[in-house]
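Everything below concerns the one structure shown next.
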Amino acid sequence: MKTRHVVSLLFVLALLLSACGGAQEAKTVKVAVLAPLSGAVPTFGVSTRDGALMAIDEWNAKGGVLGMQIEAVVEDSQCTADPAVAAANKVIDTDGVHYIVGEVCSKASIPISEIAEAKGVVQISPTSTNANVTLNADGTTKKFVFRACFIDPFQGLVGASFATKQGFKTAFIMFDQGNDYVRGLAEAFEGAYTAAGGTIVGKESYTAQDTDFSAILAKVADANPDVVYLPDYYNIVNLVTAQAKEKGITAPFMGGDGWDSADLNKEAASGGFYTNHYSEKDTRPIVGTFVANYGAKYGGAVPDALAALAYDATNLLLAAIEKAGADDAAKVAAAMEALSYDAVSGTITFDAQHNPIKAAVVLQVAPDTINWVDTVAP
Ligand code: PHE
């Protein structure tokens, strides 16, 4: 009798202890945010991190997802393949994440996507626009990889149609041959622009390490094009447009979403145009609410497209987890495929290649601001 009492008392104690232990290590859902916080394009990383964390904080304030709080694991993947691969392996193998938001740059997102696909981890890139991010080499769709943005064949077409509409009959293309995004967007622009009757009067490549563009700009001056297409990131755009101004080149420059940065030199790029995902001046109420909440959270900062899309991508991921009903990457990927989500950058549904079908905006750079010019639906 006595022994039985002791045994049942021990049993109750053990139950209590395990319940307490469980409460101390409450289950969380980990979401990795892989973004270039250092390196050549740090504004991309900061905006992406801040947009993603804002979405996570909002979900946590509402009780998390599937009753669990969401834990962000932020890593600096530097817009570069090797650090991106190291960061992806670290968050999967060491931190045990099943979900990755990132990267920004296609040349980092493509190697991450191969790891995510092989390890069965869901990846959603907010902003990587190169078509190959979601595709295997044989053209089939990666099961676990998604994006929240349009792709470059569309972005290049929008840029080319706009250039044609502006009456730009001749274009000079400058591109970084080692950057998947820049090379892909340059090709997409060239194909669409020549198909619309435009003439390419020069095409020159450079590398990401170049800082002196005078040889190429001398060729631009000789060719005297109506427009110079430069679909690179803001750091290169700043160098090239400043040197072009010094050379007396007056043709406007045009580019893509890579121009989107608070650190774009608007004075040097003034008069230029770029295609992008979103404008904070959009009058849809969802945009106004997002811009106001972001400013309130981050000391008055105005969210750029990277912040908006990181917010959207994180919300999409969490909505898919909720819809899947389980912290299970395969189920979440299946739920994501069937999702329709009202996002800041537009209503998102995925096509067979896991790409959202959504509009692009055309913006123009002025010396002290960026102006919305056009919105183009697919
Ligand atoms: N689209 C770019 C890429 O694929 C990244 C980018 C998106 C940069 C949006 C700025 C703004 O590399």
Side-chain angles (χ1 to χ4, degrees), residues 34-37 39-52 77-81 83-84 101-113 123-135 145-159 175-189 208 230-238 254-264 269 272-280 302-313 343-346 353-356 358-363 365 370:
L34 304 186
L37 295 164
V41 287
T43 70
F44 291 173
V46 170
S47 293
T48 300
R49 178 197 62 200
D50 290 353
S77 40
Q78 298 175 40
C79 184
T80 303
V101 174
E103 230 252 11
V104 171
C105 303
S106 293
K107 65 181 192 292
S109 283
I110 292 170
I112 292 172
S113 73
Q123 176 192 6
I124 178 161
S125 167
T127 39
S128 288
T129 45
N130 185 280
N132 293 333
V133 171
T134 61
L135 298 181
V145 184
F146 296 78
R147 75 178 100 217
C149 52
F150 52 63
I151 57 172
D152 288 330
F154 172 65
Q155 178 167 209
L157 173 65
V158 171
F175 71 105
D176 174 356
Q177 58 194 357
N179 184 319
D180 299 292
Y181 157 71
V182 179
R183 204 181 48 240
L185 188 48
E187 269 166 28
F189 174 87
L230 175 66
D232 209 326
Y233 301 138
Y234 67 92
N235 59 321
I236 298 286
V237 175
N238 286 348
M254 261 189 79
D257 51 354
W259 285 34
D260 188 12
S261 172
D263 285 356
L264 179 74
F273 299 94
Y274 64 100
T275 43
N276 203 4
H277 306 270
Y278 129 111
S279 162
E280 82 278 1
V302 178
D304 54 19
L306 295 126
L309 283 168
Y311 179 78
D312 285 351
V344 171
S345 61
Q353 278 84 44
H354 293 177
N355 300 321
K358 54 205 280 218
V361 296
V362 181
L363 306 174
V365 185
I370 305 288

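All ligand and atom numbering here is 1-based and tracks the order in the structure.
At a 4.0 Å cut-off, not a single heavy atom of Ala305 sits close enough to ligand 1 to count as contact.
One finds the CZ atom of Phe44 at 13.0 Å from the CG atom of Leu37 (value rounded to the nearest 0.5 Å). The distance from atom CD1 of Ile112 to atom OG of Ser125, rounded to the nearest 0.5 Å, is 8.5 Å. Annotation: the span from Gln177 atom CD to Arg183 atom CZ amounts to 8.5 Å, rounded to 0.5 Å. Going from atom CG of Leu34 over to atom OG1 of Thr48 covers 11.0 Å, rounded to the nearest 0.5 Å. Separating the CZ atom in Phe146 from the CG atom in Asn355 is a distance of 10.5 Å, to the nearest 0.5 Å. In this structure, the separation between CG on Asn276 and CG on Asp260 is 4.5 Å, given to the nearest 0.5 Å.
Ranking the protein heavy atoms by distance from atom 4 (O) of ligand 1 puts Ser106 OG, 2.5 Å first. Atom 7 (C) of ligand 1 has its closest protein heavy atom at Asp257 OD2, 3.2 Å.
Heavy-atom contacts of Gly258 reach the following atoms of ligand 1: 8 (C), 10 (C) (cutoff under 4.0 Å). The distance from ligand 1 to the heavy atoms of Ser128 drops below 4.0 Å at these ligand atoms: 4 (O). Each of the atoms 12 (O) of ligand 1 lies under 4.0 Å from some heavy atom of Cys105.
Under 4.0 angstrom from ligand 1, there are no non-hydrogen atoms of Val41. Residue Trp259 does not touch ligand 1, judged by heavy-atom distances below 4.0 Å.
Listed here is the closest heavy atom pair of Asp312 and Ser345: OD2-OG, 2.5 Å.
Distances between N or O atoms of Thr129 and those of ligand 1 include at least one value under 3.5 Å. Backbone and side-chain nitrogen or oxygen atoms of Asn130 are examined, and none is located within less than 3.5 angstrom of a nitrogen or oxygen of ligand 1. In terms of N/O distances under 3.5 Å, ligand 1 is not approached by Tyr181. The shortest N or O to N or O distance between Tyr233 and ligand 1 is below 3.5 Å.
There is a side-chain donor-acceptor pair under 3.5 Å between Ser47 and Asp304.
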